Amino acid sequence: QVQLVESGGGLVQAGDSLRLSCAASGRTFSRSVMGWFRQTPGKEREFVAAISWGGGRTAYADSVKGRFTISRDNAKNTVYLQMNSLSPEDTAVYYCAAKQTIVVVTTTRYDDWGQGTQVTVSS
């Protein structure tokens, strides 16, 4: 099991950048695929990005491709989401998630979830 704590959310203006962090505890972090998801009220949680164990493979939702970058530092047990060119449509609670698998998963079928961090982008 992996315990996850997100940070870095906040209120920004359209066009700004923000970096989210997800600190993980647990010995299985380096063997976990990590994902970022987001959710707005009344909508289902949606996939944003995911990264493989070693960081060599990544996947992105079409809506964030070219603007967001996922990365990880296994020595620090942390995964990041760099978000550039933010728009009001990116406003959501962002969650990180972990799954012990070798496959980069783009659905919500992850094992462990953080509590989320709010990102609000004003126009």
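Computed from a predicted model, the values in this text were never measured in an experiment. In this chain, numbering begins with 1 at the start of the sequence shown.
For the pair Asp90 and Arg38, the salt-bridge criterion is met [side-chain N within less than 4.0 Å of a carboxylate O].
Nearest heavy-atom pair across Gly10 and Leu18 is N-CD2, 4.0 Å. The nearest pair of heavy atoms linking Arg72 to Ser30 is NH2-CA, 4.1 Å. In terms of heavy atoms, Val79 sits closest to Ser71 at CG2-O, 3.1 Å. Contact record, Val33 with Val103: CG2-O, 3.4 Å, taken as the closest heavy-atom pair. Across Ala50 and Tyr110, no two heavy atoms sit closer than the pair CB-OH, 3.5 Å.
Here the NZ atom belonging to Lys99 is positioned 12.0 Å from the OG1 atom belonging to Thr28, to the nearest 0.5 angstrom. Here the CG atom belonging to Asp112 is positioned 12.0 Å from the CZ atom belonging to Phe29, to the nearest 0.5 angstrom. Note that CG of Asn77 is 10.0 Å distant from SG of Cys22, once rounded to the nearest 0.5 Å.
Glu6 places a side-chain N or O within donor-acceptor distance of the main-chain N or O of Gly116, the cut-off being under 3.5 Å. A donor-acceptor pair under 3.5 Å links the side-chain atoms of Trp53 to the main chain of Arg31, judged by distance alone.
The 12-atom threshold is exceeded at NZ of Lys65, counting heavy atoms of other residues, nucleotides or ligands nearer than 6.0 Å.
With 3.5 Å as the limit, one finds a donor-acceptor pair spanning the side chains of Asn84 and Ser17. With no hydrogens or angles considered, a side-chain donor-acceptor pair links Ser25 and Gln3 at under 3.5 Å. Side-chain contact annotation: Gln118 with Thr120, donor-acceptor N/O pair under 3.5 Å present.
Each of Phe37, Tyr60, Tyr94, Tyr95 was checked for a ring-ring contact (aromatic ring centres under 6.0 Å, His included) with Phe47, and the lone residue meeting it is Phe37.
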Quiz item: Going through the checks in order, is the side chain to side chain contact (heavy atoms under 4.5 Å, CB included) test met by Val119 and Leu20?
Solution: CA-CA 9 Å; Val119 172; Leu20 304 182; 4.0 Å; yes

